Amino acid sequence: MNFSYSQVLEFKRILDEKFGVYLHFHDACGGQYFSFDEAEKDEVYQFLTSYFANIGGKINIADNKLTFTVDKA
């Protein structure tokens with residue numbers, strides 16, 4: 001899935017307000033992905049899974065829990 005910058009700003013804001021978490025957004029030729037400075041609590045990943053499922057996406061979290069991508073469900 002690809003997101004507009006305004007969509008990204010919205011869920012970055014939600015994560016910051018809800019969990020005090022800063023999310024990095026990377027947009028390159030190979031696609032978009034997101035990262036954290038350190039692995040977050042499980043509740044953050046559960047929230048993201050639910051959030052993206054509600055808009056037709058499925059998150060793929062790296063084994064180290066530092067990065068994730070979002071694909072169409």
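Fair warning: this is a prediction, and the values are worked out from it, not measured in the lab. In this chain, numbering begins with 1 at the start of the sequence shown.
Between M1 and G57, the shortest heavy-atom contact is SD-CA, 3.5 Å. Residues Q32 and F3 approach most closely at OE1-N, 2.7 Å, considering heavy atoms.
Taken to the nearest 0.5 Å, the CG atom of N2 stands 9.5 Å off from the CD atom of Q7. Taking CZ of F68 as the reference point, atom NZ of K58 lies at 13.0 Å (rounded to 0.5 Å). Taken from CG in D37 to CG in L66, the straight-line distance is 8.5 Å, to the nearest 0.5 Å. Interatomic distance, H24 NE2 to F34 CZ, rounded to the nearest 0.5 Å: 12.5 Å. Taking CG of D16 as the reference point, atom CG of L9 lies at 12.0 Å (rounded to 0.5 Å). The CZ atom of R13 lies 13.5 Å from the CG atom of L23; values are rounded to the nearest 0.5 Å.
Surrounding OH of Y33 are at most 12 heavy atoms belonging to other residues, nucleotides or ligands under 6.0 Å away.
Under a 3.5 Å cut-off, the side chain of E40 and the backbone N or O of V21 do not form any donor-acceptor pair. A donor-acceptor distance shorter than 3.5 angstrom exists from the side chain of T49 to the backbone of Y45, with no hydrogens or angles considered.
Ring centers of F11 and F25: at least 6.0 Å apart, outside the cut-off.
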Notebook entry, point to check: Taking it one step at a time, do D42 and K65 satisfy side chain to side chain contact (heavy atoms under 4.5 Å, CB included)?
Noted result: CA-CA 10 Å; D42 287 340; K65 292 188 170 187; 2.8 Å; yes

Next item on the list: Take L15 and F47 through the test side chain to side chain contact (heavy atoms under 4.5 Å, CB included) and record every step on the way to the result.
Entry: CA-CA 9 Å; L15 276 181; F47 171 80; 3.9 Å; yes

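Taken together through direct or relayed side-chain contacts under 4.5 Å among Ile, Leu, Val, Met, Phe, Trp and Tyr, V44 and Y22 form parts of separate hydrophobic clusters. V70 is connected to F19 through a chain of hydrophobic side-chain contacts under 4.5 Å among Ile, Leu, Val, Met, Phe, Trp and Tyr, so both are in one cluster.
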